[in-house]
Novice: 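My structure is below; once you've seen it, I'll send some questions.
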Amino acid sequence: KRTYLHQYLSELFVKTTVSELKKAAYMPKEDGDAFSKELFEEPEIVPYIPSFIKAKEGMSGTDRGSAYHKVMELLDFTAFCGIASDTTKESDERYKKIMQELHTQADTMEAGGKLSHEWRGAVSADKLCAFLQTNLAKRMMAAAAKKKLYKEQPFVLGLSADRVKESFPDTEMVLMQGIIDVYFEEEDGIVVADY
């Protein structure tokens with residue numbers, strides 16, 4: 001009887017996503033190791049739900065998160081540069097100007113077919129307005145003005161397998177892939193943000 005020489009590598013996968021690693025980190029370990037789970041599941045079949053029932057159910061948290069991501073991806077931060085950082089204006093006046101620009105951009109997104117009416121309704125303009133007055137948003141605006149703001153950027157990163165799971169050998173490599181929500185360049189380095 002022959003024994004497989006590399007049996008210790010039987011659980012090692014060569015490619016994963018950030019989302020799968022996050023799921024694995026929070027999965028209960030009762031059913032065996034989280035990393036031994038199937039990495040590529042069959043897509044979930046979503047049954048047809050008539051619109052009159054859908055309206056009663058409301059939007060799921062996942063859909064709402066996707067709506068915010070889409071708006072943040074499409075938002076033209078350069079349009080807010082002068083408005084959000086203008087400290088000479090009273091906060092009420094600044095708020096009105098930011099809200100006006102948000103609605104103008106949302107109208108354009110919806111009219112261009114880039115944002116559905118349902119998703120637009122799921123995104124709070126007030127929350128976006130509050131965000132646009134934060135230090136992070138102002139830094140994003142400054143980077144956008146210099147054309148150094150990058151949104152929804154895919155990446156692939158090679159990691160030593162033991163960094164993914166201690167029992168994996170350090171001589172093997174695992175490719176991790178994902179999408180960075182936003183990153184931007186500043187004088188002293190790169191800033192990465194996750195919505």
Side-chain angles (χ1 to χ4, degrees), residues 17-23 25-26 43-44 46-155 177-195:
T17 66
V18 174
S19 298
E20 288 166 345
L21 290 177
K22 280 177 21 182
K23 280 185 210 169
Y26 296 108
E44 182 181 333
V46 179
Y48 171 74
I49 300 172
S51 59
F52 70 90
I53 293 175
K54 239 189 225 183
K56 288 181 186 176
E57 289 179 359
M59 182 171 278
S60 73
T62 303
D63 285 340
R64 187 174 308 283
S66 295
Y68 272 97
H69 269 258
K70 190 63 172 175
V71 169
M72 293 298 284
E73 175 188 351
L74 297 172
L75 210 56
D76 176 9
F77 280 82
T78 58
F80 299 99
C81 285
I83 304 169
S85 60
D86 188 354
T87 54
T88 62
K89 303 263 188 238
E90 287 190 31
S91 61
D92 285 346
E93 190 176 344
R94 201 168 43 245
Y95 170 84
K96 285 177 189 173
K97 287 188 178 279
I98 292 171
M99 289 297 278
Q100 182 180 10
E101 180 60 32
L102 280 170
H103 287 297
T104 299
Q105 287 195 35
D107 288 344
T108 303
M109 292 173 200
E110 190 176 345
K114 295 180 179 179
L115 183 68
S116 72
H117 183 72
E118 181 184 27
W119 276 20
R120 180 182 179 172
V123 175
S124 165
D126 280 328
K127 287 182 180 179
L128 288 176
C129 183
F131 170 72
L132 289 167
Q133 296 178 74
T134 65
N135 186 45
L136 174 60
K138 289 174 185 173
R139 291 166 68 190
M140 289 170 68
M141 290 172 206
K146 295 176 185 173
K147 303 214 180 300
K148 294 187 177 202
L149 178 71
Y150 308 94
K151 303 181 211 172
E152 298 298 317
Q153 296 295 305
F155 71 90
Q177 70 179 25
I179 296 179
I180 299 171
D181 290 341
V182 66
Y183 75 90
F184 54 94
E185 296 177 43
E186 291 184 325
E187 294 295 320
D188 58 347
I190 292 176
V191 178
V192 178
D194 183 72
Y195 303 138

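Sequence positions, counted from 1, serve as the residue numbers for this chain.
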Novice: What distance do E101 atom CD and C129 atom SG have between them, rounded to the nearest 0.5 Å?
Specialist: 11.5 Å
Novice: Thinking salt bridges, do E73 and K70 make one under a 4.0 Å N-O criterion?
Specialist: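 Yes.
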Novice: Could you tell me which residues satisfy side-chain hydrogen bond (donor to acceptor under 3.5 Å, both in side chains) with Q153, sequence neighbours excluded, listed by chain and number?
Specialist: none
Novice: Whether the side chain of E186 engages the backbone of V191 through a donor-acceptor N/O pair (distance < 3.5 Å, no angle test) should be reported.
Specialist: no
Novice: Compare every heavy atom of L136 with every heavy atom of A193, then report the nearest pair and how far apart it is.
Specialist: CB-CD2, 4.4 Å
Novice: Would the distance check show the side chain of T134 and the main-chain N or O of A130 forming a donor-acceptor pair, the cut-off being under 3.5 Å?
Specialist: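 Flag not set: sc T134 to bb A130 has no pair under 3.5 Å.
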Novice: Do the side chains of L128 and I98 get nearer than 4.5 Å, heavy atoms only?
Specialist: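 A side-chain contact is absent here, since even the closest heavy-atom pair is not under 4.5 Å.
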Novice: Is any side-chain heavy atom of K138 less than 4.5 Å from a side-chain heavy atom of F77?
Specialist: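 No, too far: nothing below the 4.5 Å cut-off.
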Novice: Taking the side chain as everything from C-beta on, heavy atoms only, tell me whether K146 gets closer than 4.5 Å to E185.
Specialist: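 They are not in side-chain contact.
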Novice: Distance check, rounded to the nearest 0.5 Å: E110 atom CD versus H103 atom NE2?
Specialist: 12.0 Å
Novice: Taking only residues two or more places apart in sequence, or in another chain, which ones meet R64 in a side-chain contact (heavy atoms from CB on, under 4.5 Å)?
Specialist: M59, Y68, A122
Novice: If you look at every heavy atom in L132 and M141, which pair is closest and at what distance?
Specialist: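 Where L132 meets M141 most closely, the heavy atoms are O-CE, 3.1 Å.
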Novice: For the residue pair Q105 and T108, establish whether any side-chain heavy-atom pair is separated by less than 4.5 Å.
Specialist: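 The answer is no, as the side chains (C-beta and beyond) never meet within the 4.5 Å cut-off.
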Novice: If I compare all heavy atoms of M99 with all of D126, which pair ends up nearest, and what's the gap?
Specialist: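 Reported closest heavy-atom pair: CE-OD1, 3.6 Å.
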Novice: Quick one: CG on L74 to CE on M109, what's the gap to the nearest 0.5 Å?
Specialist: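 With rounding to 0.5 Å, CG (L74) is 5.0 Å from CE (M109).
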Novice: First locate atom CG of L149, then atom CZ of R139, and finally report the distance between them rounded to the nearest 0.5 Å.
Specialist: 12.0 Å
Novice: Residues two or more places apart in sequence or in another chain: which of them pass ring pair (Phe, Tyr, Trp, His ring centres under 6.0 Å) with Y183?
Specialist: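 Partners of Y183 under the ring pair (Phe, Tyr, Trp, His ring centres under 6.0 Å) test: Y150.
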Novice: So do the side chains of V182 and M140 get within less than 4.5 Å of each other, counting heavy atoms only?
Specialist: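 V182 vs M140: side chains touch.
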Novice: Answer yes or no: is there a side-chain heavy-atom contact under 4.5 Å between R120 and D107?
Specialist: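 Yes, at least one pair of side-chain atoms sits under 4.5 Å.
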Novice: Flag yes if more than 12 heavy atoms outside Q100 fall under 6.0 Å of its CD atom; otherwise flag no.
Specialist: no
